[in-house]
Amino acid sequence: MCGITARVGTEDASESLVCSLENLEYRGYDSAGIAVKNGTGLKIQKREGEVSELKAAMAGSGIVGDVGIGHTRWSTHGPPTNENAHPHVDCSGRVAVVHNGIVENHAELRRDLEARGHTFRSDTDTEVVPHLVEERLDAGDDSETAFRAAIDELEGSYALAMLHEDADTVFATRTGSPLVLGIGEDANYLASDVPAFLEFTSRVVYLEDGDVAVLSADDYRITDADGFEVSRPVEAVDWAAEDAGKGEYDHYMLKEIHEQPTSLRQTIQGRLDGDDVVLSEFPAGSFSEVSRVHFVACGTSYHAGLYGESLFADWDVDAQTFLASEYAAHPPAVPEDTLVVGITQSGETADTLAALEAAADAGARTLALTNVVGSTAARECDDALFIRAGPEIGVAATKTFSSQVATLVCLGERIARDVTGSPTPDHAARLDALADLPEHVEAVLESSTAADVAARHAHESGHFFIGRGSAYAVALEAALKFKEITYEHAEGFAAGELKHGPLALVTADTPVFAICNGNNEAKLASNVREVQTRGGPVVGVCPRTSDALADAADEVLTVPATHPDLVAILANVQLQLVAYHAANDLGRPIDKPRNLAKSVTVE
Ligand code: F6R
């Protein structure tokens, strides 16, 4: 949802800015641009399209400068054109600004600025900012005062970075959109997300809402919303630069699917202790006051919530999953003994943050279940529990889903013990199986025939996914993954619902993927027969031991037999591979599906 970055050093910034933009491209790829300062005014290069277009335009352009800002865009105001690409400048071209977020009062600010003689060159909400700064500079303010005065006029959410031709510094601020500083040896950085500068430094400072940062080559200064100088902790990020690269893989998505054994090991490391869980953040009794759990989330994270809900229900914990956007718009009754868990990989999804805010306003306790330390959700909730999956760059979430569910298994055990006073039924077998999950995922990755299945079915007219309980959550997730990267029609259904309507869509050209978690196998086998009777081909996705389903299906993708609560995670890995290979066969841009971006910071 737009990525911004900046570098201030003593050597040319342009190459490293473009590298940072490549690392941020998962946030948007409609256009990209940089502005650098080279002592003789600002130099700007920007292009519609991916960062590769900008890179090509940069070659031989002679654009160099040791202070610079950059932007990669996911369009909100105005189509993806060269004119609407950031950075945006004032009338005189002395001030350049990059922005992530939405300036909600831009129309009225623009009208007033135009009435005062300013000329706008783009359709964006962002362009009001350089013009506001320009007015203050003309009135005699220094760069920092002018920047502060300009942002005081803005409503909405924004992370902004500004370059002024008279200053050797970058000015930046955030309110409601993420922004993190990178503290390097020879240069300082800032970006919407850490992977942008991971190659250059792993020492970071997370800004708070309202902070204004001024970065120079060898120093930085932060003031809070009231203008008082503040000290924010410098933290070491334990992600390696290679974690954020593609490595030997053609796509981030494939790399991240294959990283799941490692990411799951990280997720559970130190959290399993024989037949108990250890969550250092939440000792026994942490949830004694909780009577019910609400999960709020979007997209894949919502499906992880549904998965968790189906498990929690078996463990006598009252849990319900809500689409965050709906929860924020129409909050249900949230009694004070409700724990509201925001499941969000990025920790920055605006809909989820709004739902958490609504829950907090209603007096609920909030918990962020997230991958990103220092994210807004982690900082704003009462508590945070990290899924520890490592950086996920592919727009389609994969490894974070399995880590979310594995974390929910641990969290559920803790909550169930606190709420009911006893361990969950079958806990020892489930926790043993959780310890073995990384190996089981490895086995799936080594033996999967998903590429062949995908080749047979990629071109068919519709793709349906069915399951019950946790496998229903995975049916929805598999359909989302399939549609978002193949652009083919795909839907997930509760297996029992098929005969109540969707069966009308089934033909010989609509493969149905029937996902079995080991429970209710006979019923699922009946649903398979119902599909086949209408001519629909069925791919069973099930444990090796599910003979009834394997016999009923036309072809099978098997997974190791394990605890039924965890089987659907393995089935999901098979279906991630099916989606990936189908998209590859269809020639889709897998890591950059059209119209989408990874971190959705607008409601
Ligand atoms: C789909 C996908 C999205 C995200 C959703 C929530 O592959 O990645 O549906 O799951 O935008 O994002 P987070 O988890 O960052 O809140």
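Each ligand, and each atom within it, is numbered from 1 in the order the structure gives. The structure presented is a predicted model; accordingly, all values stated were derived computationally and were not measured. Nothing fancy with the numbering, it's 1 onward along the sequence.
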I would like to know whether F465 and F493 meet ring-ring contact (aromatic ring centres under 6.0 Å, His included); could you show each step before the answer? CA-CA 6 Å; F465 299 83; F493 301 110; 9.7 Å; no
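- At distances below 3.5 Å, not a single donor-acceptor pair connects side-chain atoms of S403 with backbone N or O atoms of T400.
- Between R265 and E442 there is a salt bridge, since at least one side-chain N of the basic residue sits less than 4.0 Å from a carboxylate O of the acidic one.
- Here atom 3 (C) of ligand 1 lies nearest to T300 when heavy atoms of V372, D351, T400, T300 are compared.
- At least one heavy atom of V395 sits closer than 4.0 Å to an atom of ligand 1.
- Residue K481 has at least one heavy-atom neighbour below 4.0 Å for each of these atoms of ligand 1: 1 (C), 7 (O).
- Salt-bridge formation is detected for the pair E488/R588: a Lys NZ or Arg NE/NH1/NH2 atom is positioned less than 4.0 Å from an Asp or Glu carboxylate oxygen.
- Remark: distances from the non-hydrogen atoms of E348 to ligand 1 are all 4.0 Å or more.
- In this structure, the protein non-hydrogen atom closest to atom 16 (O) of ligand 1 is T349 OG1, 2.5 Å.
- Of the possible polar contacts, none joining the D314 side chain to the L311 backbone as a donor-acceptor pair under 3.5 Å is found.
- Between atom 15 (O) of ligand 1 and the options G299, S346, A396, the minimum heavy-atom separation is to S346.
- Where the criterion is an N or O separation shorter than 3.5 Å, residue side chain and backbone included, T352 fails it with respect to ligand 1.
- With respect to D250 and K255, no salt bridge is recorded, no charged nitrogen being found less than 4.0 Å from a carboxylate O.
- Geometrically, R594 engages Y487 in a cation-pi contact, judged by NZ or CZ lying under 6.0 Å from the ring centre and within 45° of the ring axis.
- Listed by number with element, the atoms of ligand 1 under 4.0 Å from a non-hydrogen atom of E484 are 1 (C), 7 (O).
- Residue, atom and distance of the protein heavy atom nearest to atom 11 (O) of ligand 1 are V600 CG2, 4.0 Å.
- Here is the list of ligand 1 atoms found below 4.0 Å of a heavy atom in S301: 10 (O), 13 (P), 14 (O).
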